[in-house]
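All values below were derived from every heavy atom in this structure, side-chain atoms included, with hydrogens, water molecules and symmetry-related copies excluded. All values reported here derive from a predicted model rather than from experimental measurement.
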Amino acid sequence: MKIIIESLKDAAAFFEETLSALPERDGLAHDLAVADGRRPAYPAVCIRYLADPADTSVAPPHWIPPTLQIGDSPEDRLAAEIVNLLQPLDLCNPVSSTLGVDMGPGTLVTCWGIPLNPETENSPAYTLSLDALLDLPMPAVRTAGLMPGMLDRIAFLQDALPPRFRIGMPDTQGPFNLLHAMVGDEVFLAPYEAPDRFREAMTRITDFWIEACALLDAAIGSERRAPFDRFRRIAECSVNLVSRSFYEEHILPHDRRIAEHFGALHIHPCSGPHVFHATLDHLPVAVSEAGWIERTAAGAISVEEALVATAGRDIVLMIGQELPPGAEEETIRRDLACAADHPRITFAYTGMHWRRCDSPIIRALHERLDAYWAG
């Protein structure tokens, strides 16, 4: 039967009905269980093929979206967003109930007046010198950059949708990532050539970061918060380009200020083993990430090493791995088996050798993994 969506109410009802019929794909239920330390009823494994712009291969669809017969009002566009949230069902992947409000990693950079370049995945359009950055006035949190639009979007989502739909915290990165994005590679020499200026810049960015995150989190509220957004997330991608001692001397003091303000943290180590261990050793980590990635700046922290390091601590481990060709199922089963002793695990994988035409392989793999978890 052909399904027609004509309104936001239709879209929300269709979303709820679809996931009610497919509880094994309900990402919100899974994440709530993991965040609370309970073993989920279903594994909610996410398996993807490589997103390659040159991939022109095709595969028969598994999930057919409904037909949208809507206009172009804000409510109509939101209805289309909600239907699009269900697109992971085509690969039998879990469905998130969280709607975003930001423009990716460059979101807070805009608060210093630096525009984003949409042709480079919304990275900063240019960089400033450290001195030029420090000559700028401290941004006003409520009115700087993308902040007003994000606050308006949060209010709109709260008014337009029931609490089943969560509102994701923006990608606020972390103080060092933001400084690197704004001044470029000068960030690596400044601690030695201009230590006071570097410290001033990091302090100002951290001050703004704390105030902005507190404002956004309060606007979202606990009822609409995504499960893992109860922990402030610091992305440490650029720390992979420096040593552990550099991190501990020049960056950690600012991360500690964040922890002192917010408590438990979600750390994105961007694969780096030294980043994973340094943050784990010095900060109140509640969520961290691990998994084998072939091409990284500083190696990749394995799931096995991460589980040993976090043993005895109530830490959510988000697995994000590339799948070795020929050992895809074996790799995922090995990780799923760990959940018997470590229920606070999430599972996400990418087959770098797979393309769109391999979708049937991924769907069949999901069926076997669901049976393995249930058995």
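Using a cutoff of 4.0 Å between basic side-chain nitrogens and carboxylate oxygens, Arg204 and Asp207 are not scored as salt-bridged. Taking a cutoff of 4.0 Å between a charged side-chain nitrogen and a carboxylate oxygen, Arg197 and Glu200 qualify as a salt bridge. Salt-bridge check for Glu248 with Arg244: passed, with a basic side-chain N closer than 4.0 Å to an acidic carboxylate O. With respect to Asp90 and Arg363, a salt bridge is recorded, a charged nitrogen being found less than 4.0 Å from a carboxylate O. A salt bridge between Arg25 and Asp370 is present, with a side-chain N of the basic residue lying under 4.0 Å from a carboxylate O of the acidic one. Salt-bridge annotation for Asp171 and Arg233: present, with a side-chain N of the basic residue lying under 4.0 Å from a carboxylate O of the acidic one. The pair Arg77-Glu81 does not count as a salt bridge, with every side-chain nitrogen at least 4.0 angstrom from each carboxylate oxygen. Remark: Arg230 does not engage Asp217 in a salt bridge, criterion side-chain N to carboxylate O under 4.0 Å.
Tyr49 and Asp55 form no side-chain donor-acceptor contact under 3.5 Å, judged by distance and modelled atom types alone. Looking only at atom types and distance, the side chain of Tyr349 has a donor-acceptor partner in the side chain of Asp335 under 3.5 Å away. Counted by atom type alone, His282 and Asp255 present zero donor-acceptor pairs between their side chains at under 3.5 Å. There is a side-chain donor-acceptor pair under 3.5 Å between His277 and Glu305.
For the pair Arg39 and Trp373, the cation sits on the ring face: its NZ or CZ lies under 6.0 Å from the ring centre, inside 45° of the axis.
For His250 and Tyr192, the distance between ring centers is under 6.0 angstrom.
Between Leu151 and Arg142, the shortest heavy-atom contact is CD1-O, 4.3 Å.
Each of Ile70, Leu78, Asp76 was evaluated against Leu8; a single residue qualifies, Leu78, per the side chain to side chain contact (heavy atoms under 4.5 Å, CB included) test.
Members clustered with Ile293: none, using a 4.5 Å side-chain heavy-atom cutoff among hydrophobic residues.
The structure places CE of Met352 at 7.5 Å from CZ of Arg295, a figure rounded to the nearest 0.5 Å.
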